[in-house]
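Below is one structure; the comments refer to it alone.
Each chain gets a letter, A, B and so on, in the order its sequence line appears, and its residues count up from 1.
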Amino acid sequence: MTPLVVPAPRFDLRLTLESGQFFRWSADDDGFTVIRGLRLFRVRPRRDALEVVGADRWFVREFFSLDHDLAATERALRRDRRLWPALDACPGLRFLRQDPWECTAAFICSIASNIPRIAGNVSDLARGYGRPVRLGDASWHSFPRPADIPSEGELRRLRLGFRARYLAQAARLAAGGVLEEIAALPYEEARETLMVLPGVAEKVADCVLLFAYGRLQAFPVDTWIRRVMIERYFEGRRVPDRAIRAFAQERWGDLAGYAQQILYVWSRATARKGRRASLPARSLSE
DNA sequence: GGCCAGGTCCAAT
DNA sequence: ATTGGACATGGC
């Protein structure tokens, strides 16, 4: 198969996939395999472009939000000097445009979890209840539609823990078509509507709005964002999440979500570095 | 081996 | 309107 080459300036594919917004991909020494909905494709970075097998140009531009004017976003956010370290750490980070239900389900799974585990849960759900999808010799499974999500009991057997009930109930509501109307609603109403789903409150709703519906004003406050915001913008004072969110929307407006994502990636990267640096120089077993 | 994880929900202030 | 505890499990 001859690969399709799609122009993709200012795009760091690896950074974007690793940024914790999306879990349905894997890396090997020859690029990445990605599944979005029913579409399974291969992608690898080229200079200012993407080499793609298994997806068309239109899809690639849409999924990787390649028509988002990232330069303008970065320029606007650079007026905030306190954002410089995060901006410098994340050149080419973009939002993906995920399937709304899959994204909602994934972020229900994300509650009090961690990225490797979320990816595992999502993968288990797909293997157990999705449809097989093939590309060359690669065989994956699509993420199950709401009607194909099993009972709470089954989900507990899949080790979803207390998220099992949320997901089972959310699936029942989503099967009724709640998500279909979201795209047409203004941000606040879309958010309220999403929050009708069990397991979807402020934070998860904002993740879905950001990662599936392209609402860049959404500002999910998780433990990392709480920590970094309190440290950098509230002088260490402990404040309620809604104050953090209000502050972010006041300060960054329609770009708050992008500020959030680079702060998230940057704060985790620096935390990891700090942990590595603080490891004992020698192990006890030598 | 604990601590904490891309929180939400509900009951008790 | 705010706050604290329960909720399951696994990474690191």
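If you take CD1 of Ile108(A) and C1' of dA5(B), they are 17 Å apart, rounded to a whole angstrom. In this structure, Ile115(A) atom CD1 and dG7(B) atom P are separated by 10 Å, rounded to whole Å. Whole-Å rounding puts the Trp224(A) CH2 to dG7(B) P distance at 11 Å. Following rounding to the nearest Å, Arg191(A) (CZ) and dG7(B) (C1') show an atom-to-atom distance of 13 Å. Across the protein-nucleic acid pair, Gln169(A) atom CD and dT8(B) atom P stand 15 Å apart, rounded to whole Å. Rounded to an integer number of Å, the gap from Leu167(A) CG to dC9(B) C1' is 16 Å.
Spacing of P atoms, dC3(B) relative to dA6(C), comes out at 16 Å, to the nearest Å. Distance noted for atom P between dG7(B) and dC12(C): 16 Å (whole Å).
In summary, Arg10(A) and Asp48(A) do not engage in a salt bridge, as defined by a charged side-chain N under 4.0 Å from a carboxylate O. Using a 4.0 Å cut-off between charged nitrogen and carboxylate oxygen, Arg156(A) and Glu152(A) count as a salt-bridge pair. With respect to the salt-bridge test (charged N to carboxylate O, under 4.0 angstrom), the residues Asp56(A) and Arg61(A) do not qualify. A salt bridge is absent between Glu202(A) and Arg242(A); no separation between the charged side-chain nitrogens and carboxylate oxygens falls under 4.0 Å.
Residue Gly199(A) is classed as a sugar-phosphate contact, given heavy-atom separations below 4.0 Å to backbone atoms only. Within the 4.0 angstrom heavy-atom criterion, no nucleotide atom of any strand lies near Arg226(A). In this structure, Val204(A) reaches the sugar-phosphate backbone alone: every heavy-atom distance under 4.0 Å involves primed, P, OP1 or OP2 atoms, never a base. Within the 4.0 angstrom heavy-atom criterion, no nucleotide atom of any strand lies near Phe23(A). Residue contacts shown for Glu202(A) are limited to sugar-phosphate atoms, with no base heavy atom under 4.0 Å away. Here Ser267(A) lies out of heavy-atom contact (under 4.0 Å) with every strand.
If you find the closest nucleotide of DNA chain B to Leu197(A) and to Pro220(A), the one lying nearer the 5' end belongs to Pro220(A). Taking for each of Ser113(A) and Ala205(A) the nucleotide of DNA chain B with the nearest heavy atom, the 5'-most of the two is the partner of Ser113(A).
The stretch residues 82-91 of chain A has no heavy atom under 4.0 angstrom from DNA chain B at all.
Ring-plane geometry between Tyr166(A) and Phe162(A) is classed as perpendicular, the angle between the planes exceeding 60 degrees on a 0 to 90 degree scale with a lower cut at 30.
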Donor-acceptor pairs under 3.5 Å, side chain of residues 33-41 of chain A to any protein atom, not counting sequence neighbours: which ones?
residue  : atom : partner  : partner atom : Å
Thr33(A) : OG1  : Arg42(A) : NH1          : 2.7
Arg36(A) : NE   : Arg97(A) : O            : 3.1
Arg36(A) : NH2  : Arg97(A) : O            : 3.0
Arg36(A) : NH2  : Gln98(A) : O            : 3.3

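One N or O on the side chain of Ser151(A) and one on the backbone of Glu154(A) form a donor-acceptor pair closer than 3.5 Å.
Hydrophobic clustering of Ile, Leu, Val, Met, Phe, Trp and Tyr side chains at less than 4.5 Å, counting indirect connections, unites Val200(A) with Val221(A).
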List the protein contact pattern of nucleotides 2-11 of chain C with one symbol per nucleotide (5' to 3'): B for base contact, S for sugar-phosphate-only contact, - for none; contact means a heavy-atom distance under 4.0 Å. S----BBBSS

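Geometric assessment of Arg268(A) against the ring of Trp224(A) yields a positive cation-pi assignment under the 6.0 Å and 45° thresholds.
In this model, a donor atom of one side chain and an acceptor atom of the other lie less than 3.5 Å apart for Asp80(A) and Tyr233(A).
Side-chain nitrogen and oxygen atoms of Thr223(A) include at least one within less than 4.0 Å of the OP1 or OP2 phosphate oxygen of dA5(B).
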